[in-house]
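For reference, the structure is listed below as structure tokens.
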Amino acid sequence: DADIKKDEYLHRLDEALKVLNNQLAQLKDKLDLAALAQYIFNHVQWVNNVMPTGMDVNKLFTTANNSGIQLEQTDILKAFLLKKIITDKARYEAIWQACEQMDNYFERNAKQIFVATDWKTIQPETLAQFDARIFLLTDLTDDKVSPLSSGHDKTNQPTINNLANDKTGLADKNDDHTGKINTTEEYGDIVYCRSIISFALLLLHAYRIFLHQQGQQDISGKFHPDRLIKTFEAFFNKALEEEVKAFLECLWQVRYQFDRCVVKWVKQTEDNEQHLTLTNIIFSEKAIQRTPIKATELSALQSVSYFTSGHNTQYWLTPLLGWLIEQQATPTKETLSRLEQIDDSLSLAQLTQKEASFVLLQGANPTAKSIDEIITYLIGSKGTGFEHYWFQKLEYLLLKHQEAYLKGTDPIKLEKYRITSKNSVEHVYPQNERYGRKLSDDRAYLDAFGNLVLLSVGQNSAYGNDDVSIKESKFYNKPTID
């Protein structure tokens with residue numbers, strides 16, 4: 001007992017043993033402890049790792065602990081869904097894997113997994129929906145998916161030999177999903193891409209679209225990635241094999257359209273910054289290429305939608321992706337028009353954003369607030385209480401109609417301009433002007449929408465409490481547009 005008290009390691013083992021004994025004491029009247037002991041003896045496995053000579057065991061211990069991959073809700077959902085599939089299980093597991101790696105382009109995921117496919121004959125539109133006659137695994141009779149046996153790349157997992165030779169690159173536990181693209185041949189000057197949403201959130205949007213396709217009602221309860229298992233529970237408990245297969249094929253369609261028509265965070269070789277960018281996809285006999293598209297109205301409005309929507313909801317994606325699947329659309333003016341309709345409807349809806357987005361998915365228009373109500377809101381004196389959305393939407397409209405409203409603006413500055421995340425509503429004429437001067441009228445003018453701007457914290461500090469004329473001079477002399 002004295003040794004246990006002095007040794008922290010032994011002390012914790014002793015505490016664990018006491019907890020276990022207490023649990024067993026409670027169970028002894030409910031089950032056969034001898035049978036439980038036999039079960040543990042037969043099922044617990046001991047793994048003995050033999051270290052290479054000269055191995056730094058402390059480094060091994062630290063690296064192995066820091067590079068462990070946690071089981072996520074998406075992994076658990078995958079197990080529940082695939083449990084329902086008896087025939088062609090490998091094929092549908094492969095579909096899941098092609099969709100779940102979000103920090104890479106969909107066609108590259110598919111190419112890595114469906115390795116027996118004749119990729120020289122594939123065109124972008126071929127990927128629009130899954131076709132088992134086209135997308136082939138190495139061996140459809142084998143119940144294994146060889147290139148990526150889970151959502152994580154197993155070729156880089158920490159085997160003892162790799163750890164000994166420091167080949168894993170997994171010492172930093174926060175570097176599991178960098179989004180870095182290593183294939184320059186396929187992706188030109190794009191060195192980095194990152195999704196605007198998680199795979200769990202994509203699954204929720206796909207599920208809503210699937211329910212709509214099946215003529216069913218929207219998911220009940222709160223829409224949030226943390227409730228992924230709860231949201232799907234009724235489906236995977238009752239669904240037949242063919243229904244699960246249909247959902248996974250719907251997921252494939254959703255992921256294709258998501259990568260085709262929705263912005264990603266993209267970094268190029270000559271640029272240190274990441275931008276929300278759409279890309280063109282070009283299939284040739286040699287490679288599949290992605291090239292960034294210069295800022296467009298579509299990417300600008302998607303940026304507004306992304307920054308002004310909840311991080312864990314992004315309700316605009318459900319009706320947009322559903323419409324893209326139905327229309328087999330591409331990033332065109334028609335797609336922009338549809339997104340404008342979605343954005344307008346969500347901004348004016350009397351329903352909740354969740355309810356309104358599903359109505360839009362169904363092709364209808366949710367009941368809207370009156371324009372008079374919106375005008376009354378916007379001409380009020382709400383100061384920092386104005387919703388950020390209206391500033392971002394105004395920013396988009398100025399960019400869209402720049403020929404009318406931004407004449408005389410430096411075209412080079414304008415071309416480089418991007419809509420970014422901003423979180424600080426500030427006064428153009430300051431509330432506390434440097435020399436104490438006040439506006440000639442009451443606070444109605446000071447707190448009106450026309451005297452307010454949405455800035456980042458850094459931008460705001462650059463302008464401070466200076467007079468408007470000084471701020472104007474700073475604004476025009478900056479190398480970029482605020």
Side-chain angles (χ1 to χ4, degrees), residues 73-89 91-93 95-96 98-100 128-132 197-258 261-262 309-310 312-329 338-339 341-342 345-346 349-368:
Q73 284 201 50
T74 54
D75 299 314
I76 299 170
L77 176 60
K78 173 184 174 182
F80 279 127
L81 293 176
L82 291 179
K83 185 179 179 181
K84 293 281 186 173
I85 297 178
I86 307 302
T87 60
D88 306 317
K89 185 186 288 285
R91 179 185 298 160
Y92 286 91
E93 183 180 4
I95 290 175
W96 179 281
C99 294
E100 75 174 329
Q129 54 188 3
F130 181 77
D131 189 333
I197 62 172
S198 66
F199 180 52
L201 190 52
L202 185 79
L203 282 166
L204 290 174
H205 286 292
Y207 186 39
R208 301 180 83 199
I209 292 168
F210 174 73
L211 290 173
H212 164 62
Q213 291 176 347
Q214 300 298 311
Q216 299 182 38
Q217 296 300 309
D218 193 10
I219 59 177
S220 59
K222 188 178 180 181
F223 182 92
H224 196 283
D226 288 348
R227 297 187 73 256
L228 184 68
I229 302 299
K230 186 68 176 176
T231 301
F232 273 87
E233 188 174 26
F235 177 67
F236 62 66
N237 280 337
K238 298 179 181 179
L240 301 174
E241 178 179 7
E242 293 307 313
E243 292 175 304
V244 174
K245 288 180 176 180
F247 168 71
L248 292 175
E249 290 177 12
C250 174
L251 176 63
W252 173 288
Q253 293 178 312
V254 169
R255 179 59 202 272
Y256 167 78
Q257 293 295 349
F258 180 79
C261 299
V262 177
S309 298
N312 287 312
T313 53
Q314 301 293 332
Y315 286 118
W316 59 281
L317 283 172
T318 298
L320 178 63
L321 292 170
W323 179 85
L324 288 169
I325 291 171
E326 290 176 2
Q327 302 296 319
Q328 290 299 301
R338 180 55 184 159
L339 182 59
Q341 293 169 8
I342 291 169
S345 294
L346 290 177
Q350 291 183 343
L351 299 171
T352 66
Q353 295 288 283
K354 175 173 174 278
E355 292 168 335
S357 62
F358 199 77
V359 171
L360 286 164
L361 175 64
Q362 294 171 316
N365 290 316
T367 304

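No hydrogens, no waters, no symmetry mates; every other heavy atom, side chains included, goes into these values.
Every salt bridge (charged side-chain N to carboxylate O under 4.0 Å, His left out) that Asp131 has, sequence neighbours left out, goes to Arg133. Annotation: ring-ring contact (aromatic ring centres under 6.0 Å, His included) contacts of Phe236 (sequence neighbours excluded): Phe80. Partners of Lys222 under the salt bridge (charged side-chain N to carboxylate O under 4.0 Å, His left out) rule, at least two apart in sequence or in another chain, do not exist in this structure. The side-chain contact (heavy atoms from CB on, under 4.5 Å) test applied to Ala79 returns no partner, not counting sequence neighbours. Applying the salt bridge (charged side-chain N to carboxylate O under 4.0 Å, His left out) criterion to Glu241, with sequence neighbours excluded, gives Lys245. For Ala368, the side-chain contact (heavy atoms from CB on, under 4.5 Å) partners two or more places apart in sequence, or in a different chain, are Leu348. By the ring-ring contact (aromatic ring centres under 6.0 Å, His included) test, Phe223 pairs with His205, Tyr315, sequence neighbours left out. For Trp316, there are no ring-ring contact (aromatic ring centres under 6.0 Å, His included) partners, not counting sequence neighbours. The salt bridge (charged side-chain N to carboxylate O under 4.0 Å, His left out) search around Lys230 returns Glu233, not counting sequence neighbours. When the ring-ring contact (aromatic ring centres under 6.0 Å, His included) test is applied to Phe199, the partners found at least two apart in sequence or on another chain are Trp96.
Here Leu320 contributes atom CG and Leu339 contributes atom CG; the two are 5.5 Å apart, rounded to the nearest 0.5 Å. In this structure, CD1 in Ile229 is found 5.0 Å from CD1 in Ile76, a value given to the nearest 0.5 Å. One finds the NE2 atom of His212 at 11.0 Å from the CG atom of Leu360 (value rounded to the nearest 0.5 Å). Rounding to the nearest 0.5 angstrom, the gap separating the CD atom in Glu100 from the CG atom in Asp75 is 6.5 Å. With rounding to the nearest 0.5 angstrom, the CD1 atom of Ile209 is 9.5 Å from the CZ atom of Phe358. The line from OG1 of Thr87 to NZ of Lys89 is 9.5 Å long, rounded to the nearest 0.5 Å.
Closest approach of Ala356 and Leu351 over heavy atoms only: N-CB, 4.1 Å. Nearest approach of Gln73 to Asp226, heavy atoms of both residues: NE2-O, 2.7 Å. Residues Lys238 and Glu243 approach most closely at O-OE1, 4.2 Å, considering heavy atoms. Of all heavy-atom pairs between Val262 and Leu321, the closest is CG2-CD2, 4.2 Å. Across Leu201 and Asn312, no two heavy atoms sit closer than the pair CD1-O, 3.4 Å. The two atoms that bring Cys99 and Leu202 nearest to each other are O-CD2, 4.5 Å, heavy atoms only.
The salt bridge (Lys or Arg N to Asp or Glu O under 4.0 Å) pairs that include a residue from residues 205-218 are Arg208-Asp218, Asp218-Lys354, where partners are two or more places apart or lie in different chains.
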Please list every donor-acceptor pair under 3.5 Å in which a side-chain atom of residues 247-254 meets a protein atom from a residue at least two apart or in another chain.
{"from": "Glu249", "atom 1": "OE2", "to": "Tyr92", "atom 2": "OH", "distance (Å)": "2.7"}
{"from": "Trp252", "atom 1": "NE1", "to": "Leu127", "atom 2": "O", "distance (Å)": "2.8"}
{"from": "Gln253", "atom 1": "NE2", "to": "Gln129", "atom 2": "OE1", "distance (Å)": "3.4"}

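Without hydrogens or angle criteria, Ser345 side chain to Ile342 main chain gives no donor-acceptor distance under 3.5 Å. Between the side chain of Gln327 and the backbone N or O of Leu324 there is no donor-acceptor pair closer than 3.5 Å.
In this structure, Phe232 and Leu204 have side chains that are in contact, with non-hydrogen atoms separated by less than 4.5 Å.
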Can you list the steps and then say if Ile197 with Phe258 is a side chain to side chain contact (heavy atoms under 4.5 Å, CB included)? CA-CA 10 Å; Ile197 62 172; Phe258 180 79; 3.7 Å; yes

Apply side chain to side chain contact (heavy atoms under 4.5 Å, CB included) to residues Val359 and Asn365 and explain how you reach the verdict. CA-CA 6 Å; Val359 171; Asn365 290 316; 5.9 Å; no

Steps toward side chain to side chain contact (heavy atoms under 4.5 Å, CB included) verdict (Gln328, Gln257): CA-CA 8 Å; Gln328 290 299 301; Gln257 293 295 349; 4.1 Å; yes

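The aromatic rings of Tyr207 and Phe210 sit parallel to each other, their planes meeting at less than 30°, with 60° as the upper class boundary.
Between Lys78 and Glu93 there is a salt bridge, since a side-chain N of the basic residue sits under 4.0 Å from a carboxylate O of the acidic one.
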